[in-house]
Amino acid sequence: MAEGRSLRPVAPDPARRAERGWRTRLVTCGCGRFTHPREKGGADTGPSPVDRRKTGSKHHLICDGRGTPLKVITTAANVNDVTQTLALVDGIPPVAGRPGRPRRRPEALLGDKGYDSSPNRDELRRRRILPVISRKGSPNIKGIGKLRYVVEQTFALLHHFKRLAVRWERRTELHDAFVSLACSLICYRRLRRTRP
């Protein structure tokens, strides 16, 4: 409306019909919501053992005796460690070193009481891997704490990357891509340090 409360003149360029090949920017909605609403959490999240009101993720890690990460698996925070033992062992990539075929399995596997499981011990022996895992209800194996420190150090190196300490990605494949990148950087830094 113009100031004199009368209709203004017709617009010089009237609205044209939508041309083919151009998006109309319309989306199919129902009741004011998108068909695929974004929810918090995403895949591989579960209640945190520390605070049940919050959901989170957990990293399961296997490394060599020097702390080089070999395989990392992301699961929900409430998944037990013992369920991922064989998946970690089977996921170790071929490691080249001495002349000959690259190694695909370790000679021994060290673990704390969280990995205590008789079926897993049998499966490891079947794969010709010696399980060195403390049993629940019995004293710890002498010196295993000093050897387990290597794994905790690798976890600290992995979570030194802020993007991995707190998971922000809803899609697990994106988070796993950042984990793989972090493991590659850790390996690269170790190789660069050992060069003469």
Side-chain angles (χ1 to χ4, degrees), residues 42-46 48-50 56-77 79-117 120-121 123-134 140-196:
D44 295 322
T45 56
S48 172
V50 180
S57 296
K58 187 178 186 179
H59 292 134
H60 304 268
L61 169 71
I62 190 168
C63 65
D64 66 356
R66 296 178 181 173
T68 306
L70 300 175
K71 176 71 177 174
V72 181
I73 297 176
T74 306
T75 61
V79 173
N80 199 338
D81 292 335
V82 74
T83 60
Q84 303 300 316
T85 306
L86 299 177
L88 286 170
V89 172
D90 294 337
I92 295 175
V95 178
R98 298 176 182 174
R101 239 182 339 178
R103 295 185 59 180
R104 293 196 66 97
R105 66 176 186 277
E107 294 178 359
L109 179 72
L110 277 68
D112 57 5
K113 294 181 181 180
Y115 293 92
D116 179 28
S117 169
N120 282 352
R121 279 192 179 87
E123 284 294 324
L124 289 171
R125 288 190 184 100
R126 194 175 65 79
R127 289 170 169 81
R128 291 179 287 172
I129 301 172
L130 176 66
V132 185
I133 302 171
S134 299
N140 285 331
I141 299 172
K142 187 176 180 180
I144 197 169
K146 189 175 182 180
L147 298 171
R148 281 280 303 165
Y149 174 75
V150 177
V151 181
E152 301 303 327
Q153 184 186 24
T154 308
F155 267 120
L157 288 173
L158 194 66
H159 292 160
H160 181 70
F161 297 95
K162 304 288 190 220
R163 191 85 186 205
L164 303 181
V166 177
R167 179 178 169 183
W168 297 101
E169 293 80 25
R170 290 189 179 95
R171 295 172 58 185
T172 309
E173 57 268 20
L174 291 178
H175 184 74
D176 287 342
F178 283 118
V179 171
S180 299
L181 182 61
C183 291
S184 302
L185 287 173
I186 292 170
C187 295
Y188 170 72
R189 289 171 184 170
R190 287 179 182 272
L191 287 172
R192 191 177 60 177
R193 194 184 310 155
T194 55
R195 280 184 180 177

Quiz item: Should Thr85 and Ser117 count as side-chain neighbours, where that means a heavy-atom distance under 4.5 Å?
Solution: no
Practice problem: Could you point out which residue of Leu61, Ile62, Asp176 forms a side chain to side chain contact (heavy atoms under 4.5 Å, CB included) with Val72? | Solution: Leu61
Practice problem: Report yes if some heavy atom in the side chain of Leu181 is under 4.5 Å from a heavy atom in the side chain of Phe161; otherwise report no. | Solution: no
Quiz item: What are the two closest heavy atoms between Pro106 and Ile92, and how far apart are they?
Solution: CD-CD1, 3.9 Å
Quiz prompt | Separation of Leu88 CG from Lys71 NZ (nearest 0.5 Å) | solution = 8.0 Å
Quiz item: Distance from Cys63 atom SG to Leu110 atom CG, nearest 0.5 Å?
Solution: 10.0 Å
Practice problem: Side-chain contact test, heavy atoms from C-beta onward, threshold under 4.5 Å: evaluate it for Asp81 versus His60 and give yes or no. | Solution: yes
Self-check item: Atom pair CG/OG1 of Leu157 and Thr68 - distance to nearest 0.5 Å
Solution: 10.0 Å
Quiz item: So, does Arg167 use its side chain to make a donor-acceptor pair with the main chain of Arg170 at under 3.5 Å?
Solution: yes
Quiz item: OG1/Thr154 to CD/Glu152 distance, rounded to the nearest 0.5 angstrom?
Solution: 9.0 Å
Quiz item: Looking only at heavy atoms, what is the nearest atom pair of Phe178 and Leu164, with distance?
Solution: CB-CD2, 3.8 Å
Exercise. Decide if atom CD of Glu107 counts as having more than 12 heavy atoms of other residues, nucleotides or ligands within a radius under 6.0 Å.
Key: no
Exercise. For the pair Asn120 (side chain) and Val82 (backbone), establish whether a donor and an acceptor sit closer than 3.5 Å, ignoring hydrogens and angles.
Key: yes
Quiz item: Quick one: CG on Leu158 to CZ on Phe155, what's the gap to the nearest 0.5 Å?
Solution: 7.5 Å
Check: residues 123-132 side-chain donor-acceptor pairs under 3.5 Å, at least two apart:
| unit_1 | atom_1 | unit_2 | atom_2 | d |
| --- | --- | --- | --- | --- |
| Glu123 | OE1 | Arg126 | NE | 3.3 |
| Glu123 | OE1 | Arg126 | NH2 | 3.0 |
| Glu123 | OE1 | Arg127 | NH1 | 2.9 |
| Arg127 | NE | Asp90 | OD1 | 2.9 |
| Arg127 | NH1 | Glu123 | O | 3.3 |
| Arg127 | NH2 | Asp90 | OD1 | 3.4 |
| Arg127 | NH2 | Asp90 | OD2 | 3.0 |

Quiz item: Within a strict 4.5 Å, meaning less than it, do heavy atoms of the Ile73 and Lys58 side chains meet?
Solution: no
Exercise. Verify, without hydrogens or angle tests, whether Arg190 (side chain) and Arg66 (backbone) share a donor-acceptor contact under 3.5 angstrom.
Key: yes
Exercise. Please round to the nearest 0.5 Å and tell me the distance separating atom OG1 of Thr74 and atom CD of Gln84.
Key: 10.0 Å
Exercise. If the plane angle is over 60° it's perpendicular, under 30° parallel, otherwise tilted; pick one for His59 and His159.
Key: tilted
Quiz item: Has the side chain of Ser134 got a donor or acceptor atom that lies under 3.5 Å from a matching backbone atom of Lys113?
Solution: no
